[in-house]
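Single-structure report; data block below.
Remember, predicted model here, so these are calculated numbers, not experimental data. Chain A is the first sequence line, chain B the second, and so forth, proteins listed ahead of strands; every chain is numbered from 1.
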Number of protein chains: 2
Amino acid sequence: MDRLDKKILRLLQADSTLAVADVAKRVGLSTTPCWRRIQKLEEEGVIKRRVAILDPDKVNTRVTVFVSIRTNSHSTEWLKRFSEVVITFPEVIEFYRMSGDVDYLLRVVVPDIAAYDAFYKRLIEKIEIRDVSSAFAMERIKSTTELPLDYMVFDKETRDA
Amino acid sequence: MDRLDKKILRLLQADSTLAVADVAKRVGLSTTPCWRRIQKLEEEGVIKRRVAILDPDKVNTRVTVFVSIRTNSHSTEWLKRFSEVVITFPEVIEFYRMSGDVDYLLRVVVPDIAAYDAFYKRLIEKIEIRDVSSAFAMERIKSTTELPLDYMVFDKETRDA
DNA sequence: GGTGAAATTAGGCTAAC
DNA sequence: GTTAGCCTAATTTCACC
């Protein structure tokens, strides 16, 4: 990977509908090598997928809730089942195991607070959870799928190929 | 919007490289009306964009940090500048104004803890921030761009067209 | 609303240099 | 890396249900 790949990724992260010829032009390459580079980036898994991004308002998922969960005194068994159950909820957009105070953090999207309550009830119906705290987002100031490319490593081989 | 639109959105949220003819087949439609529906969904802004999703590992942004910020005693002036500054950092992937205990929540991606420290220094160089607390993700259990479509409202008009 | 056919054009992909 | 061309598939338009 080099600077041209980086430029290509920057463009496709912002808009994957760009034609190869357009990408090539903006990157300062002709279409064939640009096409080959994109193919390679896909083969290597640098580009994982291309997806459509929907407007949360338009599909009635205006409200984002961050759910913090503490699980100190649970069994390994429980932890396994916990993850499995949580993953199945489509409202759970992100789910991390954390260090520090909170053990797990969820980002959940729902239409409104009532729907969150319903989601929450469905969740604790499936697994007992001891310590949960929910924080509601009032305003989405920034939300992007574009990763920063400033940390990319340029080498013969991809960092962990 | 109806059930067919929902099916189309479900497919394109997962993979936007699908040919219109493929989408049509899976949805049980012929290509022309399927194509028209997709066009309409784009015009209406239900589909906001199509983007390439990169592998965080491959672009060296393995580490996710959630940054909680409390700003109780700051001026309106400061709040405005705060938002403007934070947005400019490409490491900040998500940025919400919250209700409750924490005032702002950031999701930041960086290569490692050292890079987070550097990011943090660059941030507080640009704006003074009083109460910051950082929580590191140990494991990404789920992370998706697919919004749940179960809450979609089917009407003559889009809910808030 | 829907189907199916056909024409046009854009763009992915290949080949040859 | 380039230029040129093939050829699939997207995008229209059509007639019709």
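Side-chain contact between F66(B) and F136(B): absent, with no pair of heavy atoms (C-beta onward) separated by less than 4.5 Å.
Atom pair M1(B):CE and dG1(C):P shows a separation of 14 Å (rounding to whole Å applied). Rounded to whole Å, atom P of dA10(C) lies 12 Å from atom NZ of K25(A). Regarding L29(A), its CG atom lies at a distance of 15 Å from the P atom of dG12(C), rounded to whole Å. We find that CD of Q39(B) is positioned 12 Å from P of dT13(D), with the value rounded to whole Å. As rounded to whole Å, 15 Å separates atom C1' of dG11(C) from atom CZ of R50(B). One interatomic measurement links the two molecules: CG of D22(A) to C1' of dG11(C), which rounds to 10 Å at whole-angstrom precision. Rounded to whole Å, the distance from CZ on R3(B) to C1' on dG2(C) is 19 Å. Per the geometry, CD1 belonging to I38(B) stands 8 Å off P belonging to dT11(D), to the nearest Å.
Residues E43(B) and R36(B) are not paired through a salt bridge, judged by the lack of any N-O separation under 4.0 Å between the basic side chain and the carboxylate. With respect to the salt-bridge test (charged N to carboxylate O, under 4.0 angstrom), the residues K80(A) and E84(A) qualify. Taking a cutoff of 4.0 Å between a charged side-chain nitrogen and a carboxylate oxygen, K121(B) and E125(B) do not qualify as a salt bridge. A salt bridge does not link K40(A) with E42(A): none of the charged nitrogens is closer than 4.0 Å to a carboxylate oxygen.
Under the 3.5 Å distance criterion, with hydrogens and angles disregarded, a donor-acceptor pair is assigned to the side chains of Y116(B) and S134(B).
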Output a table of nitrogen or oxygen pairs between the protein and nucleotides 14-17 of chain C separated by less than 3.5 Å.
unit_1  : atom_1 : unit_2 : atom_2 : d
dT14(C) : O4     : T32(A) : OG1    : 3.2

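For the pair R37(B) and V20(A), both in contact range of DNA chain C, the more 5′-proximal nearest nucleotide belongs to R37(B).
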